[in-house]
Amino acid sequence: MSAITYELLHVDKNSGARRGVVHTPHGDIQTPVFMPVGTQATVKAMTPEELKEEVKAEIILGNTYHLFLRPGHDLIKEAGGLHKFMNWDRPILTDSGGFQVFSLGQAGLRKITEEGAEFRSYLDGSKHYITPESSIEIQQALGSDIMMCFDECCPYPSTYEYTKASMERTTRWAERCKNAWTKENQGLFGIIQGGFFKDLRDISLKDLEAMDFPGYAIGGISVGEPKEEFLDILNYTGPKMPENKPRYLMGVGSPDYLIEAALAGIDMCDCVLPTRLARHGTAFSANGKIVIKNKKYERDFSPLDSECDCYTCKNYTKAYIRHLINMNEILGMRLLSIHNLRFLTKLMERVRIEIEHDNLKNFRDEFYKKYGYTK
RNA sequence: GGGUAGGUGGUCGAGUGGUUAAUGGCACCAGACUGUAAAUCUGGCGACGAGAGUCUACGUUGGUUCGAAUCCAACCCUGCCCA
């Protein structure tokens with residue numbers, strides 16, 4: 001019996017959208033789901049209680065690379081695992097460090113070899129090597145419910161040759177990750193790469209499927225490309241992924257992308273966007289983004305979103321939050337973080353209902369119209 | 001009253017004869033952010049003008065000079081020290 005299993009409840013008759021449940025050792029996840037990111041064993045500015053009671057988050061992420069550097073996976077293991085260390089008893093998914101191969105590579109802080117990736121720490125310049133085997137070792141020490149294969153997320157744009165070589169290496173790394181995986185109470189997901197080339201996506205998917213992972217992710221999109229290209233790969237790859245396993249789209253978190261992901265049959269998405277935007281002073285709302293610093297909100301004594309049920313919207317006005325953000329007060333970032341995260345979890349609750357009613361496409365169109373997206 | 005330091009754009013503060021509408025910081029006004037090197041980054045910020053450009057600016061007045069925020073004189077104001 002695998003640690004991670006997927007139960008399909010309903011498929012939207014008018015799209016490929018799936019309503020389901022992911023079963024994990026720390027409980028069930030209703031899907032499609034949005035997963036807040038808590039890189040350094042904390043969803044920035046949020047307590048676990050707020051994540052449960054206000055945000056209603058079902059699962060959060062942690063990061064292999066960051067926790068390996070500080071405080072160290074051995075320390076977290078000693079603490080009793082990541083769940084206990086950070087006081088979060090619901091499911092946790094850990095990213096493998098693969099995204100840092102991308103993001104630190106952009107900054108020239110990383111070298112890739114067949115063996116793995118050498119990082120120069122952004123903390124103190126020290127050198128660290130992460131291999132598929134060590135990534136799994138770290139993730140097993142952290143004790144996440146869902147581990148991710150160590151992969152390379154290619155920059156956009158990349159050439160066909162580079163993308164192909166990278167994808168093939170990611171596949172070899174996936175095999176090594178699978179071989180290094182020993183803990184039965186943790187699941188391991190394969191990551192489909194191949195950039196913006198459909199034939200490479202097909203090869204990646206086929207090769208990973210042969211390895212029979214308990215779940216699959218699409219990596220390497222939402223890396224700065226135009227929305228059309230994002231949708232092109234998403235809609236091409238999503239529906240081809242195994243039906244009996246969770247489908248995870250990595251790194252997506254704007255409201256429109258989340259709805260599009262669900263329409264493409266995706267079950268899980270994660271993103272730093274809501275929390276980062278919050279700290280930078282921007283809020284989601286049904287009527288579009290709100291840059292709260294803008295002068296027009298100076299005397300706006302209404303909530304961020306009159307339809308929102310979050311703690312922030314029930315108790316605070318735009319004018320007050322604007323004041324807090326302008327004064328660089330921590331509470332401003334906290335209130336916006338609660339709101340942005342709740343906005344997305346509530347959006348996904350709605351998406352699940354619309355799927356059950358075979359109505360997600362219509363909902364998408366209505367949502368776009370109100371939000372101000374042109375599509 | 002004597003001595004001394006100083007008065008610069010919203011503010012703090014560089015600049016001490018000519019690429020100076022005047023470095024920076026802050027404030028202010030916008031923009032960006034998508035598996036977190038991110039409570040970060042980018043742009044704007046004298047007035048008028050779409051723009052080329054024009055005008056007005058470094059306490060006040062006057063002077064030296066081809067040219068002054070920068071040099072000189074007087075005056076006004078502020079801080080500190082002494083009486």
Neighbour count >12 (heavy atoms, 6.0 Å) for atom NE2, A:His10: yes
Please list, in numerical order, the residues of [range] that have a heavy atom closer than 4.0 Å to any atom of RNA chain B.
{"range": "residues 105-120 of chain A", "value": "A:Ala107, A:Leu109"}
{"range": "residues 27-55 of chain A", "value": "A:Val37, A:Thr39, A:Lys44"}
{"range": "residues 123-141 of chain A", "value": "none"}
{"range": "residues 158-171 of chain A", "value": "none"}

Considering every strand and a 4.0 Å limit on heavy-atom distances, what is the contact class for [X]: base, sugar-phosphate, or nothing?
{"X": "A:Thr282", "answer": "base"}
{"X": "A:Leu93", "answer": "nothing"}
{"X": "A:Asp95", "answer": "base"}
{"X": "A:Arg322", "answer": "sugar-phosphate"}
{"X": "A:Gln193", "answer": "base"}
{"X": "A:Asn294", "answer": "sugar-phosphate"}

Heavy-atom side-chain proximity of A:His339 to A:Cys313 below 4.5 angstrom: yes
Side chains of A:His23 and A:Ile4 in contact at under 4.5 Å (non-hydrogen atoms): no
Can a salt bridge be assigned to the pair [X] and [Y] using a cut-off of 4.0 Å between side-chain N and carboxylate O?
{"X": "A:Asp202", "Y": "A:Lys240", "value": "yes"}
{"X": "A:Lys370", "Y": "A:Glu307", "value": "yes"}
{"X": "A:Glu298", "Y": "A:Lys318", "value": "no"}

From OG1 (A:Thr42) to CH2 (A:Trp88), nearest 0.5 Å: 11.0 Å
Each stem that RNA chain B is part of, given as range with range (3 or more consecutive Watson-Crick or G-U pairs, under 3.5 Å): B:1-7 with B:76-82, B:10-12 with B:24-26, B:28-32 with B:40-44, B:46-48 with B:53-55, B:59-63 with B:71-75
For chain A, the stretch of RNA chain B it reaches, first to last nucleotide, under 4.0 Å of its heavy atoms: B:C29 to B:U40
Only pairs under 3.5 Å count here: list side-chain donor-acceptor contacts from residues 67-86 of chain A, not counting sequence neighbours, and write none if there are none.
unit_1  : atom_1 : unit_2   : atom_2 : d
A:His83 : NE2    : A:His26  : ND1    : 3.3
A:His83 : NE2    : A:Arg90  : O      : 3.1
A:His83 : NE2    : A:Asp145 : OD1    : 2.9

A:Tyr248/A:Tyr216 aromatic ring centres below 6.0 Å: no
Which residues share a ring pair (Phe, Tyr, Trp, His ring centres under 6.0 Å) with A:Phe34, sequence neighbours left out: none
All ring pair (Phe, Tyr, Trp, His ring centres under 6.0 Å) counterparts of A:Tyr311, not counting sequence neighbours: A:Tyr316
Can you list everything that forms a side-chain contact (heavy atoms from CB on, under 4.5 Å) with [X]? Sequence neighbours excluded, please.
{"X": "A:Ile112", "answer": "A:Val101, A:Arg110, A:Glu152, A:Tyr162, A:Arg169, A:Trp173"}
{"X": "A:Ser204", "answer": "A:Met167, A:Ile192, A:Leu208"}
{"X": "A:Pro157", "answer": "none"}

Parallel, tilted or perpendicular, as decided by the 30° and 60° cut-offs, for the rings of A:Tyr371 and A:Phe367: parallel
